[in-house]
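Note that the structure is predicted; figures quoted are calculated from it, not measured.
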Amino acid sequence: MEHTYEEKLAAFGRLLRVLDELREKCPWDRKQTNESLRPNTIEETYELCDALAKDDALNICKELGDVLLHIAFYAKIGSEQGRFDIADVCNKLCDKLIFRHPHVFPPEGEEMQAAAQAVKTADQVSEQWEKIKQREREGNGSVLGGVPTALPTLIKAYRIQDKARNVGFDWDERSQVWDKVKEEISEFEVEVEQMDKEKAEAEFGDVLFSLINAARLYHINPDNALERTNQKFIRRFNYLEAKTKEQGRNLADMTLAEMDEIWNEAKARGL
């Protein structure tokens, strides 16, 4: 059911009023700080990601609410400290969106307007977004300075490579990346054979980085791809466990060949 604009504003106002009352009257809410909330924020974000991956509308709605609560809570703390409030958060976001979408909100000047009107595709919008961000950062940090240090490593690698691409640091032809992947795998194999754990770990990192680069070049989201494989493995392993129990057997007592037979049965069933 789609609510009216007025209903949406009223619902957001209700959230702020409820939070104000909780902050005043609830001992737990009253004692929270940015530092104490941060671990919960990370957990709530991952729970939202899980619901999104499953396309579970009911839980997406619920988890969005939990994340929204944290956003409102941080803004409330900022207001209490006299630093900013939720209006500042919303206004700064709106200003940024308007500034970074000149093809939707035309800037002043004929030259700027003509350049903005040339943006027609999603890829062009993405390129324009990065160029605008780079201009904002000029004299204010490096190209990679905008990559959060706390990002999960796989996503961080993708973002690092993507930002480097936006300033021209990329392969001329995407197929060239496979030579790099093979080179890194060979170097990893050498260190594994020599039983040098520290060097092997460094080379394995290079292998992963090169594979993530390949995924980026072929427009594959590596995090989504790995999660699909995780879920596929879970489904097949659950099938293996269930089938084993049906047969009155224990996984620990089975040979790998016996487990593989059931595993392949799960694959044949499309699990």
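In this structure, CG in L16 is found 13.0 Å from CD in E21, a value given to the nearest 0.5 Å. For the atom pair E173 CD and L217 CG, the distance stands at 10.5 Å (nearest 0.5 Å). With rounding to the nearest 0.5 angstrom, the CG atom of D55 is 5.5 Å from the CD1 atom of I60. Taken to the nearest 0.5 Å, the CG atom of L37 stands 5.0 Å off from the CD1 atom of I77. Summarising the geometry, atom CZ belonging to R249 is positioned 4.0 Å from atom CE belonging to M254; distances are rounded to the nearest 0.5 Å. Taken from CZ in F105 to CZ in R100, the straight-line distance is 14.0 Å, to the nearest 0.5 Å.
A salt bridge links E80 with R23: the closest approach of a Lys/Arg side-chain nitrogen to an acidic carboxylate oxygen falls below 4.0 angstrom. Comment: R17 does not engage D20 in a salt bridge, judged by the lack of any side-chain N to carboxylate O separation of less than 4.0 angstrom. A salt bridge is absent between K243 and E261: the closest approach of a Lys/Arg side-chain nitrogen to an acidic carboxylate oxygen does not fall below 4.0 angstrom. Taking the charged nitrogens against the carboxylate oxygens, K180 and E183 do have a contact shorter than 4.0 Å, which makes a salt bridge. We find that D50 and K54 are joined by a salt bridge, their nearest charged nitrogen and carboxylate oxygen being less than 4.0 Å apart. Between E47 and K62 there is no salt bridge, since no side-chain N of the basic residue sits under 4.0 Å from a carboxylate O of the acidic one.
By the 4.5 Å heavy-atom criterion applied to side chains, L69 and L19 are counted as neighbours. Inter-residue side-chain proximity for T41 and I71 is flagged as unmet; no heavy-atom pair is nearer than 4.5 Å. Using a 4.5 Å heavy-atom cutoff, the side chains of Q194 and E191 are in contact. Residues V89 and F84 have side chains in contact (heavy-atom distance under 4.5 Å, counting atoms from C-beta outward). Counting heavy atoms from C-beta outward, P39 and I42 have side chains that stay 4.5 Å or more apart. Using a 4.5 Å heavy-atom threshold, the side chains of V181 and V207 count as separate. Contact of the E63 side chain with the E44 side chain is registered, since non-hydrogen atoms from C-beta on lie closer than 4.5 Å.
A donor-acceptor pair under 3.5 Å links the side-chain atoms of S186 to the main chain of K182, judged by distance alone. A donor-acceptor pair under 3.5 Å links the side-chain atoms of R236 to the main chain of L271, judged by distance alone. Under a 3.5 Å cut-off, the side chain of D88 and the backbone N or O of D85 do form a donor-acceptor pair. Remark: side-chain polar atoms of Q176 are paired, donor with acceptor, to backbone N or O of D172 under 3.5 angstrom. Judged purely by atom type and a 3.5 angstrom limit, N238 uses its side chain to pair as donor or acceptor with the backbone of I234. With E258 contributing its side chain and T255 its backbone, the two residues share a donor-acceptor pair below 3.5 Å. Proximity of a side-chain donor or acceptor of Y158 to a complementary backbone N or O of D223 within less than 3.5 Å is not detected.
For the side chain to side chain contact (heavy atoms under 4.5 Å, CB included) test with I212, the passing option among T153, I220, L154 is L154; the others fail.
If you check the side chains of R216 and N213, you find a donor sitting under 3.5 Å from an acceptor. With no hydrogens or angles considered, no side-chain donor-acceptor pair links Q32 and D29 at under 3.5 Å.
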- Message: I'd like to know whether R159 forms a salt bridge (charged side-chain N to carboxylate O under 4.0 Å, His left out) with D162, so could you lay out the CA-CA distance, the side-chain angles of the two residues, the decisive distance to 0.1 Å, and finally the verdict.
- Response: CA-CA 5 Å; R159 291 296 294 139; D162 197 44; 3.2 Å; yes
- Query: Which is it for R174 and H219 under the side-chain contact (heavy atoms from CB on, under 4.5 Å) test, yes or no, and what are the steps along the way?
  - Reply: CA-CA 11 Å; R174 64 183 182 179; H219 307 293; 4.0 Å; yes
- Hey, mind stepping through L68 and L15 against side-chain contact (heavy atoms from CB on, under 4.5 Å) and telling me if it holds? CA-CA 9 Å; L68 180 58; L15 167 63; 3.7 Å; yes
- Query: Checking side-chain contact (heavy atoms from CB on, under 4.5 Å) for the pair I86/K76: CA distance, chi angles, key distance, verdict?
  - Reply: CA-CA 7 Å; I86 193 66; K76 176 66 177 174; over 6 Å; no
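Note on residues 173-214: pairs passing ring-ring contact (aromatic ring centres under 6.0 Å, His included), not counting sequence neighbours, are W178-Y218, F188-F204. Here ring-ring contact (aromatic ring centres under 6.0 Å, His included) pairs that include residues 233-271, with residues two or more places apart or in two chains, are F233-F237, F233-W263.
Atom CD of Q231 has more than 12 heavy atoms from other residues, nucleotides or ligands within 6.0 Å. For Q247, the CD atom counts as densely surrounded, since its 6.0 Å shell holds more than 12 non-hydrogen atoms of other residues, nucleotides or ligands. Around atom OH of Y46, no more than 12 heavy atoms belonging to other residues, nucleotides or ligands sit under 6.0 Å away. Summarising the local packing, CZ of R30 is surrounded by more than 12 heavy atoms from other residues, nucleotides or ligands at distances under 6.0 Å.
Both I185 and V192 belong to a single network of hydrophobic side chains, linked directly or stepwise wherever heavy atoms of I, L, V, M, F, W or Y lie under 4.5 Å apart. Residues V177 and L208 are members of one and the same hydrophobic cluster, defined by side-chain heavy-atom contacts under 4.5 angstrom among Ile, Leu, Val, Met, Phe, Trp and Tyr. In terms of hydrophobic clustering, with Ile, Leu, Val, Met, Phe, Trp and Tyr side chains grouped at heavy-atom distances under 4.5 Å, V18 and F73 are assigned to different clusters. A chain of hydrophobic side-chain contacts below 4.5 Å, direct or via other Ile, Leu, Val, Met, Phe, Trp or Tyr residues, connects L52 to L64.
Here the closest non-hydrogen pair linking K156 and T149 is NZ-O, 2.8 Å.
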